[in-house]
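To find a chain, count down the sequence lines: A is the first, B the second, and so on, and within it residues start at 1.
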Amino acid sequence: MVPSYEDIIERLNSHKLWDFPGGVHPDDKKTLSNTSGIQRVALPDLFTLPLRQHVGMEGGCIVDVGDRVKKGQPLTQSTNPYAVPVHAPSSGEVVAIAPHVIAHPSGLTEMCISIRPDGEDSWTELAPMADYRAYEKSELIEAICNAGISGLGGAGFPTHIKTSSSKPVEFLIINGIECEPYITADDRLMREYAWQIRQGIDILTHLVGPKAIVIAVEDNKPEAIEALRLACQDKTDYRIVPVETKYPAGGEKQLIQIITGREVPRNGLPADIGILMFNVGTAYAIADAIISGKPLIERVVTLTGEAAGQPCNVWARLGTPVGHLLDHAEYQPEKQRAPRVIMGGPMMGFALADLNIPIVKITNCLLVPGKRELADDDVERPCIRCSECADACPASLLPQQLFWHAKAKEHDKVQEYNLFDCIECGACAYVCPSEIPLVHYYRQAKSAIRLERDERNKAEKARLRFEARKARLEQEKREREERHRKAKEARMAASENKGSTGSKDKVAAALARAKAKKQSQQSAGTASQPPEDKKAQVAAAVARAKAKKATRQSDTSLPSEPDAAPSEGSDDKQEKVAAAIARAKAKKAQRDSPEQQDVTSPLSDESPQADEDDKKQRVAAAVARAKAKKQAREASLEESADSSDERADNQSSTSDKDARIAAAVARAKAKKAQRDMPRQSNEHSARDEAAKQENTAEDEKRQRIAAAVAKAKAKKAARNTDSENE
Amino acid sequence: MRLTLSSSPHQRVRRDTGQVMRLVIYAMVPGIIAQTVIFGWGVLIQSVIACTTALLAEGLIVYLRKRPVDRTLGDCSALLTALLIAVSIPPALPWWMTVIGTLFAIAVAKQVYGGLGFNIFNPAMVAYVVLLISFPAAMTMWLPPQSLSTLSPGFVDMLSVIFTGYTMQGYDVGQLKQLTDGLTSATPLDTLKTGLTQGMTYSEVLSRPAFDSGLFDAMGAGWGWVSLAYLLGGLMLIQQRVISWHIPGSLLVSVFIFASMLHLANGDLYASPIFHLTNGAVMIGAFFIATDPVSASTTSRGRLIFGAAIGFWVVIIRTFGGYPDAVAFGVLLMNMAVPLIDYYTRPRTYGHAAKSNRKK
């Protein structure tokens, strides 16, 4: 039974809440860092800003190396609704736009903009909308988007997407739970900036028009609750609800369950059950963006742990290197068994690989545990099926079964046990007496399954492509044979007529030829699949245009297409094989029936005699055709991939693009070479399949040279493409 | 500076498998003390024999399997199995039977299946059943409580009985069973079984000295106190959150319900629920044996079913079966059903519709 709005309100009025299953009570260690105010940190020597700071797409870079930027000036432009811009955290000079190690568990590198601050810290021109009620809602949402605000709680979902939900909102929940041990960033923010948070809530309320507003704070933060009460005392409809301390009460799904008793449906969003949730930090950032016009360039970060001499909370500019902040907190690595820095809390945070990793929008804590503070990675012992984990799981999963099947790599089984409903809160591994890194197993299983799924999709696409191609080739073959037969008949008829008047004979032969040609054209026209050449040409043109556009736009990478990029390897191979087949076929066809080909082949319809050169040309044309097809396929693939909404972080499209550009250049050169020799037939053109032949008898020598040149160029282009793709 | 990488969560509760097992062993102490006080030194001697055998066997097998010996022995699971065997066999059992039983539990029931965490059956109960079937006479040679016994052997006598079959004075186990009133002692469960076959009614059986406990009519003399001691230890385990209440709770409730149904149907033929709960291995079974995490059900609903079904089998086999007690059989029977129970009692995952679990 889903509790109705009235039920929920009634319970809230009588101060009753729901509960979520499981959960754990780790030692929260919040007093380490929550006693002093949020401090300011000196500017670092260098800011490093990943273009992508959150789930969603990365924005296109709109500054160049050497540009001077002002504090708050946008550095990227959002072209995709899921992308929000990144802003300069201080005034200074852009010194590099290059890959840099980012905050990711695996120490990935991503495109980052590096800014050397000039120390002036001067703002760019700001456009506050303090009387926000006078603006259109869409303008406010745009302002939130342009301020670069994405959820500061954890996942970093772009905030403007949430606020522009068209579904009716019953509950607007402001999440001030902060259930992870050690972290006190939200706690301090609520204590010191309750008024701004309240302004943010006002704006959110104005935007989404909820029926009820709930501000949920864990009951281990009485000061924060008091501060919020004070800030919201004139707003009787803002309910400040203390929630029993239990990890992970601050998880979005869990908090929804606690407040409303409802559950976000599988694969659904909170908006589907009439709920929107924002972190208190996000509310603060919204107020900052609308009331003072300031984009999101800093956030509160907790610096804590027993290896920190001065645990505290700081206002950290985005892009500040972790090491700089740790220096501020007087980090002492010698207090640790081995240097270890955790970004995030002890339950869900990940260990960093490098101290140069920059702070991003979702960084809420840097934890440097002392020697005896957090457990080291102990050797795991066998699972004794004690099911402590199942009792702790907030999603009511059976972690022991998941572990069993994940370890055995039984991917269908782990999915049957709902692996993908795991929120990776770590409660199971926290309680495990055998010290099994359960979450680690689940992450591995999840990525293995995702990979498997991708590969299956790719294979399926390849199969469809292959079958379509096979059908097309067969069709072409049938048509060709038909044409050959017709032409042969015509020739025989013509030779029968030989002996009668010469002129008549010639006329008849010409007629027959014309007929054959017409028929072949007709059959080609009636074919179920339009000739490849046209499509290929169009596609290649599209590809060329795209490549050009890409180069024009920027030299950084485009939003990548997860499907297109990894499939290049197999495509490549296929293409090569296809080209080889085409070549072999062309050769064979000529060897088999040189005479017929001379008369009837679409390649040489009007050339009565073929010679060695001709043959070579045809081979070259076939090769070129295959390549053109490849281009076309790549182009179309990209188009289809564009529409897919997968947002994997994939960088390899750069090489793909390079290859396309190289191919386009090569093609252009080949074209030019042909234009230079006006009498040269254009059958060498890389895309022209039909390759209408003219007189091959003339100018044999020149033609041969031209052909050789074009072929070499085409080959080179192909080599470039291949090698780069590989 | 090179930073160490580790996987979340970085914080862990500080209770590992070894500690869990040790807590269970500590919780058995009241029961073992009660057994020693009431029935003599036998249980302690058997404990030493069983523990030594278990550690040696486990150590050797783990060594042969090229696994870390110290860490495996450190989890104390072999020790716990050995103790459970020692407290459930008759205290005067010949030493080599104890050794055989323990060896079978460790080598066959546990390590052959892959060691801790992989055994389907509760090793201690496998050992018990193997001994019971192999040596039925010796396995039912329970000595009377020392208060009722004419001889009440001391520590050396007991040692001698276990290793030679005779006390220092030359009495054998059969003579040790002599009661002060000249009758031969039997466990309350045996007494009831034989009494009923001799045409006595349940209430007539209760007047025998085996039930002279002074607390409840149906509580066996001595046996009842041992059961209460294990109940105490079990409650400690629940309070320490080592075990959940589900299995012991449902097992005891189910014994109570099924025994009551039979007793209400015919009070002359069928024993009262108090009789069933306080005699035999029900208490130790409910808190220490059926709760073995490896071989028990893992879901909350599954545990309720698991415990209740064991309770059902205990009452049924005790009442209608050939053996006086049935905890071992009940546990092993339900061990077999665990995968099935677990599969059909999966909890509803967050965000899933109520019935989608079962449809799939």
Report the option among [options] that has the most heavy-atom pairs separated by less than 4.5 Å from atoms of chain B.
options	result
A:Cys393, A:Ala353, A:Pro26	A:Ala353
A:Ala351, A:Pro394, A:Cys432, A:Pro382	A:Ala351
A:Gln400, A:Gln336, A:Glu388	A:Gln400
A:Gly268, A:Pro181, A:Gly426, A:Ser387	A:Ser387
A:Ala390, A:Gly349, A:Ser434, A:Cys425	A:Gly349

What closest approach, in Å, do [X] and [Y] show between heavy atoms, and which atom pair accounts for it?
X	Y	value
B:Met125	B:Ser88	CE-OG, 4.4 Å
A:Arg385	B:Gly117	CD-O, 4.2 Å
A:Glu416	B:Arg346	O-NH1, 3.4 Å

(message) Hydrogens and angles aside, do A:Tyr417 and A:Glu410 bring a side-chain donor and acceptor to less than 3.5 Å of each other?
(response) no

(message) Could you check whether B:Thr345 and B:Thr299, counting side-chain N and O atoms only, form a donor-acceptor pair closer than 3.5 Å?
(response) yes

Using non-hydrogen atoms and a 4.5 Å limit, figure out which bit of [X] sits close to chain B: side chain, backbone, both or neither.
X	result
A:Asp391	side chain
A:Cys386	both
A:Pro21	neither
A:Met348	backbone
A:Ile342	side chain
A:Leu398	side chain
A:Arg262	backbone

(request) Return yes when atom NE2 of A:His440 has more than 12 non-hydrogen atoms of other residues, nucleotides or ligands closer than 6.0 Å, and no otherwise. (result) no

Would you call [X]-[Y] a salt bridge at under 4.0 Å N-O?
X	Y	result
A:Glu306	A:Lys335	no
B:Asp16	A:Arg381	yes
A:Arg340	A:Glu373	no

(request) Identify which part of B:Arg241 has an atom lying under 4.5 Å from any heavy atom of chain A, answering side chain, backbone, both or neither. (result) backbone

(request) Could you tell me which portion of B:Ser300 (side chain, backbone, both or neither) has an atom closer than 4.5 angstrom to a non-hydrogen atom of chain A? (result) side chain

(request) Between chain A and each of B:Pro293, B:Ser77, B:Ala296, B:Gly18, count heavy-atom pairs under 4.5 Å; write down the option with the most. (result) B:Pro293

(message) Counting heavy-atom pairs closer than 4.5 Å to chain A, which one of B:Val294, B:Asn119, B:Thr298 comes out on top?
(response) B:Thr298

(message) Quick one, B:Leu83 and B:Val87 - any side-chain contact, counting heavy atoms below 4.5 Å?
(response) no

